[in-house]
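Take a look at the structure below.
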Amino acid sequence: MKLVPNKKLTRKFYTRDVLTVAIELLGKILVKNEDGIILSGKIVEVEAYNGEIDEAAHTFVGKTKRNEIMFGEGGFFYVYFTYGNHFCCNVVTGDIGKGTAVLIRAVEPLAGEDIMIKNRFGRKLKNEKEKFNLTSGPGKTCQAFSITKKHYGIDLTGDEIYILDSKKLKEEEIGTSQRIGIKKSVHLPWRFFIKNNQYISRK
DNA sequence: ATCAAGATTACCT
DNA sequence: GGTAATCTTGATA
């Protein structure tokens with residue numbers, strides 16, 4: 001797919017197969033622009049979820065109030081709350097009715113890193129090592145970006161939360177593994193990450 | 001109305 | 001390496 005560097009990804013990008021979108025989202029730039037505060041990060045780790053064949057997907061059981069947005073058109077934001085503490089954010093993919101989405105598991109901070117530090121720790125960094133604990137997981141990323149239920153259903157082709165294009169990664173730069181933290185459909189190799197990146201959640 | 005599980009994280013040994 | 005914390009959601013009655 002032909003795309004222009006540093007331009008916002010369009011609806012067409014998102015309304016494709018979930019695995020294709022998941023892999024191509026690596027290296028792209030997640031941007032949040034709210035109340036004049038701009039936060040951004042390079043996407044370095046994702047997971048694909050497909051309710052049609054994947055028991056771990058929230059959409060596997062059919063439509064509920066929580067997963068409704070995942071059954072809509074691609075290019076919308078699916079945010080959910082889990083384990084009593086954490087939000088996780090996803091990019092809905094495919095056509096209406098598919099129930100597929102990509103979980104953003106980790107990013108590498110770009111703009112607004114100082115604000116992310118404040119959002120995560122409420123203080124300054126204690127050491128250099130702590131820097132890599134900023135956004136190295138789905139819950140951490142949402143906390144750093146102040147992403148909550150309030151952002152459920154946002155249109156990613158809009159101006160509040162969106163994703164910028166970037167140069168396509170080479171195949172050898174991308175790693176694949178089983179997904180993390182699930183108990184069903186564990187075998188599916190649907191986690192994708194940028195090899196040797198310091199911000200991925202696990203080796 | 002009640003209950004069990006969960007796409008996690010931080011902290012412990 | 002292991003596990004407690006914490007509460008929304010979805011299922012069952």
Under 4.0 angstrom between A:Lys183 side-chain N/O and B:dG6 OP1 or OP2
yes
Would you please confirm or rule out a distance under 4.0 Å between OP1 or OP2 of B:dA7 and any side-chain N or O of A:His58?
yes
Salt bridge present between A:Asp159 and A:Lys8 (N-O < 4.0 angstrom)
yes
Choosing from B:dG6, C:dA11, B:dA7, which nucleotide comes nearest the side chain of A:Met70?
B:dA7
Would A:Phe81 pass as stacked on C:dT8, i.e. its ring centre under 5.5 Å from the base's six-membered ring centre and planes under 30° apart?
no
Residues from residues 117-154 of chain A sitting under 4.0 Å of DNA chain C, heavy atoms only?
A:Lys149
Only counting residues at least two apart or in another chain, list the ones meeting ring pair (Phe, Tyr, Trp, His ring centres under 6.0 Å) with A:Tyr162.
none
Taking 4.0 angstrom as the limit, do A:Lys98 and A:Glu73 come out as a salt bridge?
no
Tell me whether A:Glu34 is salt-bridged to A:Lys32, with the criterion being a basic N under 4.0 Å from an acidic carboxylate O.
yes
Using a cut-off of strictly less than 4.0 Å, decide whether A:Thr82 has a side-chain nitrogen or oxygen near OP1 or OP2 of B:dT8.
no
Under 4.0 angstrom between A:Arg191 side-chain N/O and B:dA7 OP1 or OP2:
no
Axial cation check for A:Phe193 ring with A:Arg191, 6.0 Å and 45° limits
yes
Return the stems involving DNA chain C, sorted by first number, where pairs are Watson-Crick (N1-N3 with N6-O4 or O6-N4) or G-U wobble (N1-O2 and O6-N3), both under 3.5 Å, and runs are 3 or more long.
B:1-6 with C:7-12, B:8-12 with C:1-5
Distance to the ring centre below 6.0 angstrom and angle to the axis at most 45 degrees; does that hold for A:Arg179 and A:Tyr49?
yes
A:Arg16 NZ/CZ over A:Phe13 ring centroid, <6.0 Å and within 45° of normal:
yes
Less than 3.5 Å between a donor and an acceptor, one on the side chain of A:Tyr80 and one on the base of B:dA7, is that the case here?
yes
Residues A:Arg120, A:Glu130; criterion salt bridge (Lys or Arg N to Asp or Glu O under 4.0 Å); working and verdict
CA-CA 11 Å; A:Arg120 283 272 293 133; A:Glu130 211 173 48; over 6 Å; no
Students often get this wrong, so: under 4.0 angstrom with heavy atoms, is A:Ile182 touching a base, only sugar-phosphate, or nothing?
sugar-phosphate
Contact class for A:Arg179 vs. all strands (heavy atom < 4.0 Å): base, sugar-phosphate, or nothing?
nothing
OP1 or OP2 of C:dG10 sitting under 4.0 Å from any side-chain N/O of A:Arg66?
yes
Does a salt bridge link A:Lys150 with A:Glu160, judged by any charged N lying under 4.0 Å from a carboxylate O?
no
